[in-house]
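In what follows, chains carry the letters A, B, and so on, assigned in the order in which the sequence lines appear, proteins first and then strands, with residues in each chain numbered from 1.
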Amino acid sequence: MASIGAVATAPLRARKAGENSPASIGFLVTLWVAVAVAMICLLTLLVTAFVDGYPRLDGALFTRYSSRVIPETAGARAAILGSMWVIGTTALLAIPLGIAAGVYLEEFADEQRWYNRLIEVNLQNLAAVPAIVYGMLTAGFALAIGLERRVVLAGAIALSLLILPVIIITTREALRAVPAEIRQGSLALGATPLQTVWRQTLPSALPGVATGTILALSRALGEAAPLLLLGGLVFVSYDPNGLMSGFTTLPIQIFSWTGQPQEEFQELASAAIIVLLGLLLLMNALAIIIRNRYQRHW
Amino acid sequence: MSTFSTRTAEAHTAYTSTGRPMTSEDADAASRGPVPAGAARHFGPESTPSPGDRASQLPNKPIGVISCEDVDIFYSRFRAVTGVSLDFGRNEITALIGPSGCGKSTVLRALNRMNDLIPGARVTGRITYHGQDIYGSDVDPIEVRRRIGMVFQKPNPFPKSIYANIAYGPKVVGMKVDSMDDIVEEALTRAALWDEVKDKLKESAYGLSGGQQQRLCIARTIAVNPEVILMDEPCSALDPIATSRIEDLMDELRQEYTIIIVTHNMQQAARVADRTAFFTAKASEETGDRTGELVEYDVTAKMFGNPSDSRTEAYISGRFG
C-alpha cells in the first residue's frame, strides 16, 4: 500500500479546457469537413444526374430500344431487360452454390484439414479480387468450353464468380451467429447433422443470408467492367430471349451513351443512371427491411 | 398414457439400426411401459420422499441401464477423466457431483455420445447400454441419442412455437405418429407444463420464462420416448422456485425414466438423487494436467451421512471445492 500512496480523498478536479481545448475543437471540425465533402460530392452527382436526366425519364426510356442515329427517341429497354436477365441468372447460379459452400465450410468442414484451410484463405482473398479479373477468368473459361462469351450465360457466370465469395462469407457469418445450443438441442433429440442444418441452423440464419445475398446481387447489378471485358454488346435493339441471347445491361448502356458526342445521349445516360440508382436503392432497402424485421438477436 | 406406452414398444424395436436387438433386456424395457400407480414406487407430488425413505427401497446394487467399465475420456492428448466404473440404475436418479473441472459433465456427455461433436474427443474402456457397447463400430450415435436424451444447462428451446418445439423430435426421428396433438399434450403434461401453455401452443417458446423453457426442453426430450434422460446442471440458470418445480418433476419422471444429473448444488443432489457419485480432479505429477476420477459412488443418504472416503466428506462438508 505504501508504494501506491494514500487513498485519493481530494475533491474532483474542476473541468479544465479538456473538451473545449483548441485541439479538440480542431479535430471535431476536421471530422465535420470530411463528412461534408463526401456528402456534397454525392449530392452533386445525384442532383446533376437528376436535373440532366429528368426530361428523359419517361415511358419511352422503358419501351424503346437504343438508337445510333436518333437519340431523341432512343430508350434503355434492351438494357433494362438485359440487366434483369443477367441478374436473374446470376442469382440462380450464385445463391444455391454460395449457400451450399457456406454451409459446408461452417457446419461440416474439419478445420484441421489442410484443404479446408486452403479454401478458407483463398475465399478471403477472392472477395478482394478486382471485378475485371473475373471477366478475364470467364472469358478464358468460355473459350475453353466453347461458349459464346457475349451471351447472358457468360455474363451471369462472370457476375456469379464475382459475388460468390461474398455470399459464402455472409452465409458463414449468419450461421456462426446461431448459438451452438440450438445445434446441440437438435442433435440430442436424435436428429442427424443434416436434419439439424436443414431444419434448425439454416432457417435461423436465413435472414442474415438473405440480407447478404441481396447486397451482393445489387453489387452485381451495378457492375460493368467484367461484362465489358467479355465483349458485352453496347448496342442491342432486340429483347434478350434466353441464356444464349446477346445482351446489354444498364451500366454498359450508360457507359456507351456517355461516350457519345450528342447532348441527347448524355441526358439519356443520366436518365438511365436514375433508373439504376432507383433499382439499387430498392434492393438495399429490401435488405435492410429483412434484416430489421427478421434478424434474430440471440 | 396409453398412446405413449404402445409407442414405446414400437420405438424400441424399430430403432435398432444395427439390425439386431440391442439386448435381450430390450424386450423387457419395451414391455415395461409406465409403472402403474401403486406399484413398487408411489411417490406422488404430495409425498415427496426424503432420501432416507427411498434408500431403504433401493436395490443394493443398481440394475444397470448404462454401465461404465474403466472409462477414460480424452480431448486429443489431454486425459480429462480416468478409470470410471459405475452402473446407473434403472428408474433411479443418479447425481454426479464434484468441484469444477472434475470431469462430471464430460462423463455425462460421453453417455449419449454428445462428446463425439467435439473434435479430438475419444473414449476408451466400455460404456454399455443394456449390455451393448455404445461406442461399438456398428452402433449409430444418432440411435444412442434417441434412446438417451439430454437436457442442457441453459434452456435451449428452438426459435419456434411451443408446439413445434415438441413436434420436432418425433418428426426428425421418424416416429410413427397417429396424432401429433396427442404427443404434444402428453409430453407437456408429463413435464408439468401443459396447464401453463395449453392456450398458447402456437406462440414462440422464447416468450416463456426460464423455468418454463427448461420444462419445455424436458418435454421435448420426453416426446421422443427415451429410456434415459441426462441433465447437465439443469437448474443452474433458474431461480429457486423454478428449480424446485424441476426437482418435483424429476421425482415424478423417475417412475418411468432413468435420470442422470450433473449438479453443482449439493443440496439438490441430496434432495433428488437416489445415488450419488463424487468426482474429483487430480493433477498429474509429470504434466500438471488435471484428470478427473470417480472417488466414491453410493446411495445418496450414505454419501451425505457417512461417506467412506475422506475426500468425499471434506467436499460435502464444504472444506474444499
* Pick whichever of A:Asp110, A:Thr192, A:Leu189 has the most heavy-atom pairs under 4.5 Å with chain B. =>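 Ranked by heavy-atom pairs under 4.5 Å with chain B, first place is A:Leu189.
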
* Has B:Tyr135 got more than 12 heavy atoms of other residues, nucleotides or ligands less than 6.0 Å from its OH? ->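 Enclosed.
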
* State whether the number of non-hydrogen atoms from other residues, nucleotides or ligands found under 6.0 Å of A:Met84 atom CE is greater than 12. =>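 No - once you tally the heavy atoms of other residues, nucleotides and ligands closer than 6.0 Å, there are 12 at most.
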
* For residues 88-126 of chain A, which residue pairs qualify under ring-ring contact (aromatic ring centres under 6.0 Å, His included), counting only residues two or more places apart or in two chains? ->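 Applying ring-ring contact (aromatic ring centres under 6.0 Å, His included) to every pair that reaches into residues 88-126 of chain A, excluding sequence neighbours, yields nothing.
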
* Rounded to the nearest 0.5 Å, what's the gap from NZ on B:Lys160 to OG on A:Ser204? Could you check? =>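 Answer rounded to 0.5 Å: 7.0 Å.
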
* If you measure from CD on A:Gln112 to OG on B:Ser76, what distance do you get to the nearest 0.5 Å? ->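 Atom-to-atom, A:Gln112:CD and B:Ser76:OG are 7.5 Å apart.
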
* A:Gln200 side chain near B:Pro159 side chain, heavy-atom distance below 4.5 Å ->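 Of all side-chain heavy-atom pairs linking B:Pro159 with A:Gln200, at least one is under 4.5 Å.
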
* Below 4.5 Å from any heavy atom of chain A, which atoms of B:Arg113 appear? Answer side chain, backbone, both or neither. =>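 Neither part.
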
* Heavy-atom distance under 4.5 Å to chain A: side chain of B:Ile142, backbone, both or neither? ->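 Its backbone and side chain both get close to chain A.
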
* To do: Tell me, please, which residues at least two apart from B:Phe88 pass ring pair (Phe, Tyr, Trp, His ring centres under 6.0 Å).
  =>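 For B:Phe88 there are no ring pair (Phe, Tyr, Trp, His ring centres under 6.0 Å) partners, ignoring immediate neighbours.
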
* To do: Please report the shortest heavy-atom distance between A:Gly190 and B:Val173, naming the atom on each side.
  =>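 Nearest pair, atom of A:Gly190 first, then B:Val173: O-CG1, 3.9 Å.
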
* **residues 149-158 of chain B: residues contacting chain A (heavy atom under 4.5 Å, by number)** =>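 Expected list: B:Gly149, B:Met150, B:Phe152, B:Lys154, B:Asn156, B:Pro157, B:Phe158.
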
* **Any residue meeting side chain to side chain contact (heavy atoms under 4.5 Å, CB included) with A:Ala139, in chain and number order, not counting sequence neighbours** =>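 In terms of side chain to side chain contact (heavy atoms under 4.5 Å, CB included), with neighbours along the sequence ignored, A:Ala139 is linked to A:Arg149, A:Leu230.
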
* Asked: Side chain, backbone, both or neither: which part of A:Arg199 has a non-hydrogen atom closer than 4.5 Å to chain B?
  ->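 Looking at A:Arg199, backbone and side chain both touch chain B.
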
